[in-house]
Asks: 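One structure, pasted below without further comment.
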Amino acid sequence: MTENDIKQYDNVPVTVAAKYLDVNPQYLRIGLQRNRLPFGSAVQVSGKEDGRWSYQISPGALINWKEGKSLQDWISENKTYLKTLLEE
């Protein structure tokens with residue numbers, strides 16, 4: 001699993017993210033449910049009897065986290081791009 005594979009997703013599936021980070025998918029699910037991982041979020045789907053969760057994993061944030069970069073590092077590296085987006 002490479003960085004380019006991850007970039008193909010708008011929302012990285014938990015199983016794919018787990019393979020990319022070489023961790024158990026359950027580790028990611030619990031970490032996201034408890035707001036312990038900065039690259040995604042988890043929301044419990046209301047009205048479901050089985051307590052299902054929905055996950056959102058940002059490809060860019062996941063890559064940065066694996067590389068040890070913070071959100072502030074990413075913002076600094078992409079300042080010009082972000083400024084262009086804000087001006088549109």
Asks: Kindly say whether Ala61 contributes a backbone atom to a donor-acceptor pair with the side chain of Asn64 at under 3.5 angstrom?
Replies: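 No: the side chain of Asn64 does not pair with the backbone of Ala61.
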Asks: Quick check for you: to the nearest 0.5 Å, what is the distance between Leu21 atom CG and Met1 atom CE?
Replies: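 Atom-to-atom, Leu21:CG and Met1:CE are 10.5 Å apart.
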Asks: Strictly by modelled atom types, are Gln33 and Tyr55 linked by a side-chain donor-acceptor pair under 3.5 Å?
Replies: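 The answer is yes; a qualifying pair exists.
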Asks: Quick one: NZ on Lys19 to OG1 on Thr15, what's the gap to the nearest 0.5 Å?
Replies: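 Answer for the NZ-OG1 pair, Lys19 versus Thr15, is 8.0 Å.
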Asks: If I take atom CD1 from residue Ile30 and atom CZ from residue Arg36, how far apart are they, to the nearest 0.5 angstrom?
Replies: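 The distance works out to 11.5 Å.
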Asks: Using every non-hydrogen atom in the two residues, find where Tyr27 and Val23 come nearest and quote the distance to one decimal.
Replies: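 That would be CD2-CG2, 3.8 Å.
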Asks: How many angstroms lie between CZ in Arg52 and OG in Ser54, if you round to the nearest 0.5 Å?
Replies: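 The OG atom of Ser54 is 9.0 Å from CZ of Arg52, to the nearest 0.5 Å.
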Asks: Mark yes when over 12 heavy atoms from residues, nucleotides or ligands other than Asp10 sit less than 6.0 Å from its CG; otherwise mark no.
Replies: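 It does not: Asp10 CG has 12 such atoms or fewer within range.
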Asks: Is it true that Val43 and Val14 fall in one hydrophobic cluster, defined by side-chain heavy atoms closer than 4.5 Å?
Replies: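 No.
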Asks: Scan Val12, Leu32, Ile63 and name whichever one has a side chain to side chain contact (heavy atoms under 4.5 Å, CB included) with Phe39.
Replies: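 So, applying the side chain to side chain contact (heavy atoms under 4.5 Å, CB included) to Phe39 and each of Val12, Leu32, Ile63, only Leu32 qualifies.
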Asks: Please report the closest heavy-atom contact between Glu3 and Glu67, naming both atoms and the distance.
Replies: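 It is OE1-OE2, 2.9 Å.
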Asks: Closest approach of Ala17 and Leu62, non-hydrogen atoms and distance?
Replies: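 Looks like CB-CD2, 3.8 Å.
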Asks: For the backbone of Tyr20 and the side chain of Lys66, can you confirm whether one donor and one acceptor N or O come within less than 3.5 Å of each other?
Replies: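 Checking the backbone N and O of Tyr20 against the side chain of Lys66, a donor-acceptor pair under 3.5 Å is found.
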Asks: For Ile57 versus Asn11, what's the shortest heavy-atom pair and its separation?
Replies: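 Looks like N-OD1, 2.7 Å.
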Asks: Is there a path of hydrophobic side-chain contacts, each under 4.5 Å between heavy atoms of I, L, V, M, F, W or Y residues, that connects Leu37 with Trp53?
Replies: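 In one cluster: yes.
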Asks: More than 12 heavy atoms of other residues, nucleotides or ligands under 6.0 Å from CG of Asn24: yes or no?
Replies: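 For Asn24, atom CG is crowded (more than 12 foreign heavy atoms under 6.0 Å).
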Asks: Shortest non-hydrogen contact from Ile6 to Val16?
Replies: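 Closest approach of Ile6 to Val16: CD1-CG1, 3.8 Å.
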